[in-house]
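One structure is given here, and the rest of the page talks about it.
Just so you know, these numbers use all the heavy atoms, side chains as well, and skip hydrogens, waters and symmetry mates.
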Amino acid sequence: MLKRKFTASLILLLMLGTSSLAAETEDPALSAWSHETNATTKEGDQSIRIKATYYSNEYVDALVASEAERNMWTADEMENYKYTLLKNLNLAEAIPFHIDMYVRGMPMYAGPFDKHITLMVGGKKYSPSDYDRRFNFKILGARDGMVFFPRYDPKTGKEILEGARDIRLIFDSVISHALAGKGDVVWVWDLTKDRGKIAGGRAADRLEADRLIKRAEKIRADREALQRQIDALNSEYNDVNKRIDELQSH
């Protein structure tokens, strides 16, 4: 899977995630898909808080509805917001999480970040396909960003979440002195409780159209590449037969 660059659109997404935190008291679904861990060293020289939010269908639905109500959006404005959100989350290709950290005392060093966070689905472990590179640097105070895992298994091509009852996000305890005594952080999300329906509506249709256009372009490029190979083989085949005819005519 191709790496995705953190552009202004993803900065916008982080802002959306921040605004959703303020709205958590309005809709239980906005907090139901988050897990949080707090830890402090015995000496008290470092304390950390790590929070992870999984963008489930229900969470996305609740976030869109909450923002629409708070901003008194029209139906078109709500659909535009939903389209932007779904596109930035890259739900067609990725499993997105928002990670929020706060560190006091000694700084935390979590880099290389993609080596210390793992998604487990159905007994298989997956590394991030992309993440906010700021997690690789010294963390002191607040730090938040997105982490994306592949939606499709790199080896089988099958959708990772298909048939899965739960997912587990695992943080390696070596990233923090405060976690050293507690062991790895393991958060579990029950997918059977995800009753959201983000697949409907104009925003989802636009996203599906974007995906199909992108897929059609790839198919066209692949077909042209195959045609060039066929043309080259046909040319070589004709040359071989021509040479055979020449040899047999002597």
Side-chain angles (χ1 to χ4, degrees), residues 1-25 30-56 59-60 63 85 88-90 93-121 124-151 166-189:
M1 182 174 292
L2 295 176
K3 295 286 186 180
R4 301 174 65 243
K5 294 182 179 179
F6 280 79
T7 60
S9 60
L10 282 178
I11 294 175
L12 170 62
L13 182 57
L14 298 182
M15 293 172 60
L16 300 182
T18 303
S19 66
S20 71
L21 298 180
E24 285 182 353
T25 56
L30 290 173
S31 57
W33 295 96
S34 296
H35 289 305
E36 182 177 318
T37 290
N38 293 271
T40 304
T41 60
K42 292 181 179 180
E43 298 79 10
D45 54 357
Q46 184 188 67
S47 63
I48 66 168
R49 174 181 61 83
I50 306 178
K51 182 176 183 178
T53 300
Y54 166 56
Y55 282 83
S56 66
Y59 181 85
V60 172
L63 178 57
L85 179 63
N88 285 329
L89 288 173
N90 194 27
E93 300 179 10
I95 302 172
F97 292 84
H98 181 260
I99 307 297
D100 191 308
M101 299 181 181
Y102 189 79
V103 181
R104 290 190 299 177
M106 293 175 58
M108 185 173 79
Y109 296 89
F113 188 73
D114 57 333
K115 303 300 182 184
H116 299 306
I117 185 169
T118 306
L119 182 67
M120 180 176 287
V121 185
K124 293 185 177 181
K125 294 182 177 181
Y126 300 92
S127 298
S129 55
D130 198 11
Y131 63 98
D132 191 328
R133 297 303 191 274
R134 294 178 302 161
F135 286 131
N136 286 334
F137 301 102
K138 179 179 73 173
I139 302 174
L140 186 61
R143 182 73 51 84
D144 74 296
M146 297 298 298
V147 179
F148 298 87
F149 290 90
R151 184 165 290 273
D166 61 56
I167 57 176
R168 298 168 186 264
L169 192 66
I170 304 171
F171 253 108
D172 194 334
S173 62
V174 301
I175 65 172
S176 164
H177 296 294
L179 290 176
K182 299 184 65 173
D184 295 346
V185 175
V186 181
W187 291 301
V188 181
W189 283 269

Q. Considering the options D144, T53, D132, which one meets the side chain to side chain donor-acceptor pair (under 3.5 Å) requirement together with H98?
A. D144

Distance-only criterion, 3.5 Å: show the donor-acceptor pairs between side-chain atoms of residues 167-175 and protein atoms not counting sequence neighbours.
{"from": "D172", "atom 1": "OD1", "to": "V174", "atom 2": "N", "distance (Å)": "3.2"}
{"from": "S173", "atom 1": "OG", "to": "D184", "atom 2": "OD1", "distance (Å)": "3.3"}

Compare all side-chain heavy atoms of [X] with those of [Y] and state whether any distance is below 4.5 angstrom.
X: V147; Y: F113; answer: yes
X: Y109; Y: H116; answer: no
X: L63; Y: W33; answer: no
X: R151; Y: E93; answer: no
X: R49; Y: D100; answer: yes

Q.
Going by side chain to side chain donor-acceptor pair (under 3.5 Å), name the residues that satisfy it together with T41, two or more places apart in sequence or in a different chain.
A. D45

Q: Mark yes when over 12 heavy atoms from residues, nucleotides or ligands other than H177 sit less than 6.0 Å from its NE2; otherwise mark no.
A: no

Q: Return yes when atom CZ of R104 has more than 12 non-hydrogen atoms of other residues, nucleotides or ligands closer than 6.0 Å, and no otherwise.
A: no

Between atom [atom1] of [X] and atom [atom2] of [Y], what is the distance when rounded to the nearest 0.5 Å?
X: S31; Y: E36; atom1: OG; atom2: CD; answer: 11.0 Å
X: T40; Y: Q46; atom1: OG1; atom2: CD; answer: 9.0 Å
X: K124; Y: T118; atom1: NZ; atom2: OG1; answer: 15.5 Å

Nearest atoms (heavy-atom pairs only) where [X] meets [Y]:
X: I139; Y: F135; value: CD1-O, 4.1 Å
X: A94; Y: F148; value: CB-CD2, 3.8 Å
X: P150; Y: S127; value: CD-O, 3.4 Å
X: K138; Y: P107; value: CG-CB, 3.4 Å
X: S129; Y: F149; value: OG-C, 3.7 Å

Q: Give a yes or no answer on whether the side chain of R134 reaches the backbone of R143 with a donor-acceptor pair at less than 3.5 Å.
A: no

Q: Might you work through the side-chain contact (heavy atoms from CB on, under 4.5 Å) test for Y54 and I95, ending with a clear yes or no?
A: CA-CA 8 Å; Y54 166 56; I95 302 172; 3.7 Å; yes

Q: Cation-pi check, R133 to Y131: give yes when NZ or CZ is under 6.0 Å from the six-membered ring centre and within 45° of the ring axis, no otherwise.
A: yes

Q: Apply side-chain contact (heavy atoms from CB on, under 4.5 Å) to the pair D130 and M146, showing each step before the final yes or no.
A: CA-CA 8 Å; D130 198 11; M146 297 298 298; over 6 Å; no

Q.
Using ring centroids (six-membered ring only for Trp), state whether W189 and F97 fall under 6.0 Å.
A. yes

